[in-house]
K.L.:
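The structure's right below; bear with me while I get my questions together.
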Amino acid sequence: MPRVVVDVMLKPEILDPQGRAVMGAFTRLGVSGVSDIRQGKRFEITIDGDVTEARLAELHRMAEELLSNPVIETYDLRVEP
Amino acid sequence: MKIGVVTFPGSLDDRDAARAVRIAGGDAVALWHGDADLGGVDAVILPGGFSYGDYLRCGAIARFAPAMRTIIERAHEGMPVLGICNGFQILCESHLLPGALTRNDHLHFVCRDQRLRIESNATAWTSDYAVGQEIVIPLKNGEGGFVADERTLDELEGEGRVVARYVGVNPNGSRRDIAGISNAAGNVVGLMPHPEHAVEELTGPTTDGLGFFTSVLTALVAGRS
């Protein structure tokens, strides 16, 4: 069955304390060559039937209204084969 | 005057909010999130807690509750709405208030008696305070950092819509020390700290929170006369 993946990330200008805490752990564990870590969310949406244009438009609406908050976040939506 | 208090799955402070309404002299009406009928209330409080387990984002799922659809409509018509903590998050997710509340910058849950300065008494929920008055009420949140873009922050300041500001310590990284804001009309207020926990000497650090609940009763009486 086709799957639609939505990635949600905090906008670059929004402080990401969780990503910063993970970055701190990298540093403590001696990982070098990493300058920044940002943490986001990934949604995997399994579709019954075909991914039609109408279906995609509806998923974009859900990504914008529910899965992300456009005040602080951006989303990326793609269909996985 | 009937003040509705909405219970969502995961609300914690609905009973304290109802109690604060009664102590202030109002009738508290329990509202259920799944019911779009508000039972003829004159104002609504969205209480603190963890609606829907704070899954997805705080307030993101509660925003779509049947009760919220009616509350959003009535708020646009001028009904007073106060969102406390999780309620503030729901108001931002509903776009009744601008900005968003994000994880505390230090990542820890914070629980303390917090000093605030009332910055505006031109709202339905703060008219019984003096501008510049300092109050101490409990604060308890994990995601209380208020953020908005610079233009929105300037607009809030310029229009006198910053209702309360943290004094002494900024407990969560809120931009410009903002603890509470209102909409342009002043009927919708969101506040991160908890006035409903500071209405009785036995259980609160002060009784400074009572003013929020007496203010709305004053506003409603004025609106009717």
Side-chain angles (χ1 to χ4, degrees), chain A residues 3-31 34-47 54-80, chain B residues 51-65 68-69 72 86 88-110 141-156 170-178 181 183 190:
Chain A
R3 197 163 71 173
V4 172
V5 173
V6 179
D7 288 322
V8 175
M9 293 298 297
L10 281 173
K11 288 179 179 175
E13 66 269 27
I14 302 291
L15 178 71
D16 175 16
Q18 294 183 100
R20 206 172 52 181
V22 176
M23 179 72 204
F26 266 54
T27 307
R28 285 194 299 280
L29 293 169
V31 180
V34 177
S35 60
D36 190 31
I37 297 176
R38 308 276 294 172
Q39 181 177 326
K41 295 190 189 93
R42 172 185 166 107
F43 300 88
E44 298 180 345
I45 304 166
T46 306
I47 306 296
R55 186 66 63 76
L56 263 185
E58 187 178 37
L59 290 176
H60 270 287
R61 185 171 65 81
M62 292 314 291
E64 184 147 347
E65 286 183 13
L66 179 65
L67 302 182
S68 73
N69 177 349
V71 175
I72 50 169
E73 294 168 325
T74 57
Y75 77 89
D76 174 64
L77 184 154
R78 62 188 180 278
V79 183
E80 294 221 322
Chain B
S51 58
Y52 295 90
D54 275 352
Y55 294 162
L56 189 59
R57 293 179 309 279
C58 304
I61 300 178
R63 163 204 173 182
F64 293 101
M68 281 309 300
R69 278 180 216 152
I72 290 166
N86 191 220
F88 187 6
Q89 294 161 338
I90 295 169
L91 290 176
C92 288
E93 284 284 344
S94 305
H95 308 304
L96 282 172
L97 294 175
L101 293 141
T102 58
R103 186 154 314 235
N104 296 349
D105 57 354
H106 48 72
L107 283 172
H108 298 286
F109 192 94
V110 59
N141 67 68
E143 306 197 23
F146 181 76
V147 298
D149 57 40
E150 287 299 314
R151 204 187 63 183
T152 305
L153 292 169
D154 288 342
E155 209 173 276
L156 286 170
N170 181 333
N172 46 31
S174 283
R175 305 297 302 277
R176 305 193 191 182
D177 301 332
I178 288 173
I181 59 170
N183 67 346

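Residue numbering restarts at 1 for every chain, and letters A, B, ... go by the order of the sequence lines.
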K.L.:
Minimum heavy-atom separation for A100(B) to N69(A), with atom names?
P.N.:
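Closest approach of A100(B) to N69(A), heavy atoms only: CB-ND2, 3.8 Å.
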K.L.:
Near Y55(B) OH, under 6.0 Å, is it more than 12 heavy atoms from other residues, nucleotides or ligands?
P.N.:
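Not more than 12 within 6.0 Å, no.
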K.L.:
Between D149(B) and chain A, with a heavy-atom cut-off of 4.5 Å, which part of the residue counts as in contact: side chain, backbone, both or neither?
P.N.:
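No part of D149(B) comes within 4.5 Å of chain A.
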K.L.:
Go through the steps to decide whether K41(A) and R57(B) satisfy the test side chain to side chain contact (heavy atoms under 4.5 Å, CB included), and finish with yes or no.
P.N.:
CA-CA 11 Å; K41(A) 295 190 189 93; R57(B) 293 179 309 279; 3.9 Å; yes
K.L.:
Within the supplied structure, the quantity of interest is the number of heavy atoms (other residues, nucleotides, ligands) at a distance under 6.0 Å from R78(A) CZ; does it exceed 12?
P.N.:
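Yes - once you tally the heavy atoms of other residues, nucleotides and ligands closer than 6.0 Å, there are more than 12.
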K.L.:
If you count heavy-atom pairs under 4.5 Å with chain B, which of L66(A), I72(A), V71(A) comes out on top?
P.N.:
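Most heavy-atom pairs under 4.5 Å with chain B: L66(A).
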K.L.:
By a 4.5 Å heavy-atom criterion (distance strictly below it), what part of Q18(A) contacts chain B: side chain, backbone, both, or neither?
P.N.:
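Both parts, backbone and side chain.
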K.L.:
Drop me the distance from R20(A)'s CZ to H106(B)'s NE2, to the nearest 0.5 angstrom.
P.N.:
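NE2 of H106(B) is found 10.5 Å from CZ of R20(A).
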K.L.:
Under a 4.5 Å cut-off applied to non-hydrogen side-chain atoms, are T102(B) and L15(A) in contact?
P.N.:
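Sidechains of L15(A) and T102(B): no contact.
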K.L.:
Let me know if L10(A) has heavy atoms under 4.5 Å from chain B in its side chain, its backbone, both or neither.
P.N.:
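Looking at L10(A), nothing touches chain B.
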K.L.:
Could you tell me which of D105(B), V147(B), I61(B), N104(B) has the largest number of non-hydrogen atom pairs under 4.5 Å with chain A?
P.N.:
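Top option by heavy-atom pairs under 4.5 Å: D105(B).
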K.L.:
Restricting to non-hydrogen atoms, name the atom on L56(B) and the atom on L67(A) that form the minimum distance, rounded to 0.1 Å.
P.N.:
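Closest approach of L56(B) to L67(A): CD1-O, 3.9 Å.
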